[in-house]
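Here the structure is a predicted model, which is why all the values come from computation and not from measurement.
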Amino acid sequence: MSIKKVTKAILPVAGFGTRFLPATKATPKEMLPIIDKPLVQYAVEEAALVGIKEIIFITNHTKASIERHFSKSSKLEEKLISSNKKHHLKKINPDILQDLTYKYINQEDQLGLGHAISLAKDEINDEPFAVLLPDDLFISKPSCMHQLLNTFNKYKKSVIAVNKIHSDNIHNYGVISTKDISSPYKLDGIIEKPSADKAPSNIAVCGRYILSSDIFNHLQNVKKDHSGEIQLTDAIQSLIQKEDVMACLYEGEKYDCGSKKGYIEATIKLALNDDSIKKDITSFIRDIVE
Ligand code: G1P
């Protein structure tokens, strides 16, 4: 595995968002706001904070608002300046996003996460790269990507973020098997969405990865699963036959914002972290639960 710096991140955003219909009929799920920022921006900021310079969205024609969101909006800027609302400029052009460039690759057919990642092959060349699934929102210091990057810098090997999951929910995730007992684990195996009785452990893949570009060779050879999708998990299982892959136990909070429960929990959590509304929301919650 090369020891080049990680400067590119792939964000797959082409999914339908069926768990959030009807909200996602005309609005991409990634553009649903958590407080005052669309979900996808949390992942983009997490990438920017660890030094990623290029964001590669795997998207489709129904998601044009994502591209608009990350483009310059001269008219809005002029309007804010002329109406004495200059202080809002930082909200649409935050410093943290200033050094980023964006690319958009079309994925018209929903052929799975592995297929989505494979579409970015020509953009990545032979560098290690990050993958962030924007549905998963992480709240921690250091961030989930930062924890992964620390492991990557130490071992110079592909590394995926994992967390412990209750067996009732394990069938929703990629699940790892490992003989190690302390993080970071060296992966022995990984399986996509096993039933609880077939799961090799209770340690699941959460949506952050740093991968060697060799993964593209493996993605090419992976067969479609029973639902016709090409799984990134299957390509990782193939990669570990050739080179080590580490799994890093994420320390912090994680919210699956692709589900109603996770989305609302993340909203409440971030509201309580926001000094401008924290007091009011705390007393509102107290009032309604008493
Ligand atoms: C994807 C991956 C799965 C991983 C999960 C994390 O599944 O295929 O291995 O555990 O993200 O959120 P999805 O949620 O897209 O079905």
Point-to-point distance, once rounded to the nearest 0.5 Å, from [atom1] of [X] to [atom2] of [Y]:
X      : Y      : atom1 : atom2 : answer
Ile215 : Ile117 : CD1   : CD1   : 9.5 Å
Asp99  : Ile52  : CG    : CD1   : 12.5 Å
Met31  : Ile66  : CE    : CD1   : 7.0 Å
Ile34  : Thr267 : CD1   : OG1   : 4.0 Å
Lys103 : Lys8   : NZ    : NZ    : 6.0 Å
Leu219 : Phe216 : CG    : CZ    : 7.0 Å

How close do [X] and [Y] get, heavy atom to heavy atom, and via which atoms?
X      : Y      : result
Glu54  : Glu123 : OE2-OE1, 4.0 Å
Thr59  : Val13  : CB-CG2, 3.7 Å
Ile176 : Pro200 : O-CG, 3.8 Å
Ile105 : Ala120 : CD1-CA, 3.8 Å
Ile170 : Ala204 : CD1-CB, 4.5 Å
Leu249 : Asn163 : CD1-CA, 4.0 Å

Would you say [X] and [Y] make side-chain contact, with heavy atoms under 4.5 Å?
X      : Y      : result
Ile236 : Val205 : no
Thr233 : Leu113 : no
Glu46  : Phe138 : yes
Val159 : Cys248 : yes
Phe16  : Gln110 : yes
Lys86  : Leu80  : no
Leu239 : Ser158 : yes
Glu77  : Lys72  : yes

The test is side chain to side chain contact (heavy atoms under 4.5 Å, CB included); show your working for Ile165 and Ile203 and say whether it passes.
CA-CA 6 Å; Ile165 294 282; Ile203 303 173; over 6 Å; no

Checking side-chain hydrogen bond (donor to acceptor under 3.5 Å, both in side chains) for the pair Glu243/Ser212: CA distance, chi angles, key distance, verdict?
CA-CA 9 Å; Glu243 59 184 56; Ser212 137; 3.1 Å; yes

Is the side chain of [X] donor-acceptor paired with the backbone N or O of [Y] at a distance under 3.5 Å, no angle test?
X      : Y      : result
Tyr250 : Glu253 : yes
Lys156 : Asn153 : yes
Arg208 : Ile160 : no
Asp109 : Leu111 : no
Ser73  : Lys75  : no
Asn221 : Asn217 : yes
Ser238 : Asp234 : no
Thr27  : Thr24  : no
Gln241 : Gln237 : yes
Glu192 : Tyr173 : no

Is any NZ, NE, NH1 or NH2 atom of the basic residue among [X] and [Y] found under 4.0 Å from an Asp or Glu carboxylate oxygen of the other?
X      : Y      : value
Asp214 : Lys242 : no
Lys254 : Asp136 : yes
Asp256 : Arg19  : yes
Glu265 : Lys269 : no
Glu127 : Lys5   : no

Please indicate whether Lys121 has more than 12 foreign heavy atoms, meaning atoms of other residues, nucleotides or ligands, lying under 6.0 Å from its NZ.
no

I'd like to know whether CD of Glu251 has more than 12 heavy-atom contacts from other residues, nucleotides or ligands below 6.0 angstrom.
no

Testing the 3.5 Å rule here: is there a donor-acceptor pair between the side chains of Tyr102 and Ser71?
no

Would [X] end up clustered with [Y] when hydrophobic side chains under 4.5 Å apart are linked, directly or stepwise?
X      : Y      : result
Leu11  : Leu149 : yes
Ile139 : Ile281 : yes
Ile10  : Leu133 : yes
Ile96  : Leu132 : yes
Val44  : Ile92  : no

Is it true that [X] and [Y] have ring centroids separated by less than 6.0 Å?
X      : Y      : answer
Phe70  : Phe57  : yes
Tyr209 : Phe129 : no
Tyr263 : Tyr255 : no

Stepwise side chain to side chain contact (heavy atoms under 4.5 Å, CB included) check, Val6 with Val50
CA-CA 9 Å; Val6 182; Val50 295; over 6 Å; no

Can you name the one residue among His69, Lys63, Arg68 that meets side-chain contact (heavy atoms from CB on, under 4.5 Å) with Ser65?
Arg68

Dump the intermediate steps for side-chain hydrogen bond (donor to acceptor under 3.5 Å, both in side chains) on Glu229 and His115, then the final yes or no.
CA-CA 8 Å; Glu229 296 196 341; His115 175 252; over 6 Å; no

For Asp126 and Ser213: C-alpha separation, side-chain torsions, deciding distance, then whether side chain to side chain contact (heavy atoms under 4.5 Å, CB included) applies.
CA-CA 5 Å; Asp126 62 348; Ser213 58; 3.9 Å; yes

Would Leu187 and Met246 count as a side chain to side chain contact (heavy atoms under 4.5 Å, CB included) if you check the C-alpha gap in whole Å, the side-chain angles of each, and the deciding distance to 0.1 Å?
CA-CA 6 Å; Leu187 274 194; Met246 309 303 289; over 6 Å; no

Carefully, step by step, assess Glu108 and Asn60 under the rule side-chain hydrogen bond (donor to acceptor under 3.5 Å, both in side chains).
CA-CA 6 Å; Glu108 279 311 323; Asn60 69 41; 5.5 Å; no

